[in-house]
Undergrad: 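Questions regarding the structure given below will be posed in turn.
Sequence lines set the chain letters: A, B, ... in the order given, protein chains first and strands last, and positions in each chain run from 1.
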Amino acid sequence: MIFKKNISSLHVPHNKNTAGSVPVPVSAPREVVLPMNMQSGHEAVPVVNVGDHVYLGQLIAKEEGRASSPVHASVSGTVTEIAPIRLAGDREVLAIRIENDGKMERHPDMKAPVVTNLDEFLEAVRNSGVVGLGGAAFPVWAKLDAVRNNEIETILVNGAECEPYITSDHRMMLDRSDLVVRGVNLMKEHMKVPRVVIAIENNKQDAIDKMKELFRDDPAVEIYPLETVYPQGAKQVLLYNVTGKVVKGGQRMASLGVLIINVSSVAKLAEYIETGMPLVDRIVTVDGSAVKEPKNLIVPIGTPIRHLLNEVEMKAEPGKILIGGPMLGHAITELDSPVIKATNAILAFEEKDSIDLEASSCIRCGRCMANCPVGLNVVGIERAMAKKDEDERAAALTKLGLKQCIECACCSYVCPAHRPILARNLEGKEFLKKYNAAKKEGGK
Amino acid sequence: MSQLHVSAAPHIHSGNATNKIMRDVIIALLPASVASVVLFGMQALVIIAACVASAVVFELLFCKLVKKPSTIGDLSAVVTGLLLALNLSTNVPVWQCVVGSAFAIVIVKCLFGGLGHNIVNPAIAARVFMLVAFSQVAGGAACVLTDATTQATPLEVLAPGAEEAPSLAELFLGTHGGAIGETCALALLLGFAWLLIRKVIRWHVPVVFIGTVFVLYLVTTGDVYYAAQQILAGGLFLGAIFMATDYVTAPVNFRGRLVFAFGCGLITFAVRQFFAYPEGVSFSILFMNLLTPLIEEWTDKEPLGGV
């Protein structure tokens, strides 16, 4: 068993500079680029051709295969290109380019889907194109589908938003609380789930108050204020801190009777069911030390990142640009990369905040281990990674439980020797994956 | 936008650094250093200067010799030199201080790969080495605030009800013979407070170490006053606060550190009670240093979610 109630413990500066910034629509981008894979599953397949006219919200690529999700036109205009592009993390993916006609014209026949039972509800969620908007990007229908084969007792709505700077979910809870309520009620009604918990870090008291007020007459919905400690929003951490449950190796969370879904995803699926408008835009926080006036923007999916940076006033030449938060985000150089469904922030940092710290010898202070939410033997893993023999290395890493690493970066953040611990853990996980795949192959 | 940096996450850092931690340890040792000069005179300052300077110079020379970038900027050599000095009495000649520093830095630390790679605490190992090589390190000198010219260390005269043993007040303030930095418990506790405030260490290791010794004396003698004298006498506070908490040579996991501290207390008691040497703190830490890899293995726990 575990000894403490709260397994996240790290205090990082919040820098929630945009908490009071009501999202405003970004000016119309000249064109949008919509990748066929913005989630963690299979690519969607285009159903339009170059030269076609498309309406806002029109299906342009249908889902295909496991954990896939449909893609919809985020502007009205003309398809100009269907070709591979490179996404952050060097992933190559097919993308549809649409020239914006600036009219934001919906299809005249667009209407809300009819939802009267579970099948129709899940079908609607699937057609909405909504994926995990907190960063994981797993298609929401695939997650909710687990209700068919599992006894789901609790839906945990994740409004923790523990990453510094980002206030995208926070603003969704404040400005579109109607959609959050609607989404929660839809899930309760059609999935027959007895309990919904909305978990929000207590640095967002206004959101907590708002949700409490809106659900005050509903005993099935609990608003759960979380201590503001990173990484409160990581799903294993959230699950444990709220319910005391632990996902064991090889287990799925649904088998514990719990589903975790991001709060913005809840709002967006409600929006589709209410209006028929699928996921075509999202709130993106634009902030960072190089930004003079940070903002929350409502951005059509597929808008080039450069376009967002042009929307805010800079105070310095950026030395580093991130997609996502400073703990988990990716540094990018290709500013023509599009905002995708899971892009919750674009951060620009000044040169002085962009330089890597030089690593020195581990002094075995144990801060990495004391701050690891899952209690990994981080120092042991580093030692195991140094083993030359691949069999020995794989055995040691397996024994240490490296696969339980939730990649929250607390270890690297606290290391006084500035060692790239997270990067090494990721390297170790990648190695284990390849090693085990090769073993399986050889075993056949 | 010209050159954008690309690096792995995370992109922010706590701001902590090895040399900041070492600087805090040095600050925490300042009260004991000042007390040593007050209690033992200018010779204490000479010893501190000799140990610190030679420790830094030896590390610099070693780096030059093996053509590595200098590591003296991490301040760990200063900490080692200072700790060694505080473990010696004013009776120790300067040349022996220099030899001790050389042993600590070159043999114990640098030859094992430098900071983070040494198996035993350099200052402790050097103190034990000097005890063997020169027969006396902590004894012989008298506190300059008293009339005596030589004083026995408290542990040499301490027994339940012993008349000649220092009182608790004398032990707390350190107005008696011994190593220059070990006698003043008050100064060491001030340093302890600094380490806690700066979150350099947690309270558990010193408290378990000292508490174990106290409880063992209390249980075996039933004499609270005597048990209190025992924990204040000798190098227990200095060792428990500053050397048993050395990151490098103690277990890296919290549970392991508790076991380590308990073992230190047990061995300290055993040496003081049953061995020919009056003091056992150095031996206990040295021995537990060697057990560290085993303790880590015994106390390793499964991560959340299993392996």
Undergrad: Pair A/Glu358, A/His418 - check side chain to side chain contact (heavy atoms under 4.5 Å, CB included), show working.
TA: CA-CA 6 Å; A/Glu358 204 177 320; A/His418 310 141; 5.9 Å; no
Undergrad: Under 4.5 Å heavy-atom distance to chain B, tell me which part of A/Val379 shows up: side chain, backbone, both or neither.
TA: side chain
Undergrad: Assess whether a salt bridge exists between A/Asp336 and A/Arg306, defined as any Lys/Arg side-chain N lying under 4.0 Å from an Asp/Glu carboxylate O.
TA: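 Salt bridge between A/Asp336 and A/Arg306, a charged N being under 4.0 Å from a carboxylate O: yes.
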Undergrad: Hey, which of B/Lys199, B/Glu302, B/His13, B/His117 has the most heavy atom pairs under 4.5 Å with chain A?
TA: B/His13
Undergrad: Taking all non-hydrogen atoms of both residues, which atom of B/Ile124 and which atom of B/Asn121 are closest, and how far apart?
TA: N-OD1, 3.1 Å
Undergrad: Any idea which heavy atoms bring B/Ser54 and B/Cys51 closest together, and the distance?
TA: OG-O, 3.2 Å
Undergrad: Is the number of heavy atoms from other residues, nucleotides or ligands within 6.0 Å of NZ (A/Lys235) greater than 12?
TA: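 12 or below, so no.
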Undergrad: Is the count of non-hydrogen atoms from other residues, nucleotides or ligands lying under 6.0 Å from A/Tyr435 atom OH greater than 12?
TA: yes
Undergrad: Counting only non-hydrogen atoms closer than 4.5 Å, does B/Lys20 touch chain A with its backbone (N, CA, C, O), its side chain (CB onward), both, or neither?
TA: neither
Undergrad: Relative to chain B, which of A/Ala409, A/Pro326, A/Gly401, A/Gly375 shows the most heavy atom pairs under 4.5 Å?
TA: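 The residue among A/Ala409, A/Pro326, A/Gly401, A/Gly375 with the greatest pair count is A/Pro326.
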Undergrad: Please look at A/Arg424 and chain B and tell me whether the side chain, the backbone, both or neither of the residue comes under 4.5 angstrom of a heavy atom of that chain.
TA: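 No part of A/Arg424 comes within 4.5 Å of chain B.
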Undergrad: Quick check on A/Leu400 against chain B: is it the side chain, the backbone, both or neither that has a heavy atom closer than 4.5 Å?
TA: both
Undergrad: At a heavy-atom distance under 4.5 Å, which candidate from B/Gly113, B/Pro303, B/Pro251 has the highest pair count against chain A?
TA: B/Pro303
Undergrad: Side chains of B/Phe242 and B/Val79: closer than 4.5 Å at any heavy-atom pair?
TA: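 No; the side chains remain at least 4.5 Å from each other.
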Undergrad: Sort B/Asn253 into side chain, backbone, both or neither according to what part of it lies under 4.5 angstrom from a heavy atom of chain A.
TA: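 Both backbone and side chain of B/Asn253 come within 4.5 Å of chain A.
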Undergrad: Just so I understand: if I count every heavy-atom pair under 4.5 Å between each of A/Leu402, A/Leu322, A/Val378 and chain B, which residue has the most?
TA: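 Result: the option with the highest number of such pairs is A/Leu322.
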Undergrad: In terms of heavy-atom proximity below 4.5 Å to chain B, should A/Leu328 be classed as side chain, backbone, both, or neither?
TA: backbone
Undergrad: Could you tell me which portion of B/Ala9 (side chain, backbone, both or neither) has an atom closer than 4.5 angstrom to a non-hydrogen atom of chain A?
TA: both
Undergrad: Check each atom of A/Cys365 against the heavy atoms of chain B and say whether the ones under 4.5 Å are side chain, backbone, both or neither.
TA: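 For A/Cys365, heavy atoms of backbone and side chain both lie under 4.5 Å from chain B.
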Undergrad: Between A/Gln236, A/Glu407, A/Gln251, A/Glu351, which has the largest tally of heavy atom pairs under 4.5 Å with chain B?
TA: A/Glu351
Undergrad: Compare every heavy atom of B/Lys109 with every heavy atom of B/Ser76, then report the nearest pair and how far apart it is.
TA: OG-NZ, 2.7 Å
Undergrad: Relative to chain B, which of A/Gly329, A/Ala423, A/Gly325, A/Gly380 shows the most heavy atom pairs under 4.5 Å?
TA: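 Counting heavy-atom pairs under 4.5 Å, the top option is A/Gly329.
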Undergrad: I'd like to know if the side chain of A/Asn436 and the backbone of A/Leu432 have a donor-acceptor N/O pair within less than 3.5 Å.
TA: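 At least one qualifying donor-acceptor pair exists.
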Undergrad: Give, as side chain, backbone, both or neither, the part of A/Pro373 having an atom under 4.5 angstrom from any heavy atom of chain B.
TA: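 Backbone of A/Pro373 only, per the 4.5 Å heavy-atom cut-off to chain B.
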Undergrad: Hey, mind stepping through B/Thr71 and B/Leu115 against side chain to side chain contact (heavy atoms under 4.5 Å, CB included) and telling me if it holds?
TA: CA-CA 9 Å; B/Thr71 50; B/Leu115 178 65; over 6 Å; no
Undergrad: Check for a donor-acceptor pair, side chain of A/Asn241 on one end and backbone N or O of A/Ile7 on the other, with a separation under 3.5 Å.
TA: yes
Undergrad: Would you say B/Ser33 and B/Ile48 make side-chain contact, with heavy atoms under 4.5 Å?
TA: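 Yes, their side chains come closer than 4.5 Å.
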Undergrad: Of the backbone (N, CA, C, O) and the side chain (C-beta and beyond), which part of A/Thr398 lies under 4.5 Å from a heavy atom of chain B, both, or neither?
TA: backbone
Undergrad: Given heavy-atom pairs under 4.5 angstrom as the criterion, report whether the side chain, backbone, both or neither of B/Ile21 touches chain A.
TA: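 For B/Ile21, the contact with chain A is made by the side chain alone.
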Undergrad: Counting only non-hydrogen atoms closer than 4.5 Å, does A/Met327 touch chain B with its backbone (N, CA, C, O), its side chain (CB onward), both, or neither?
TA: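 For A/Met327, the contact with chain B is made by backbone and side chain together.
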Undergrad: Give, as side chain, backbone, both or neither, the part of A/Lys248 having an atom under 4.5 angstrom from any heavy atom of chain B.
TA: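 Contact with chain B: backbone and side chain both.
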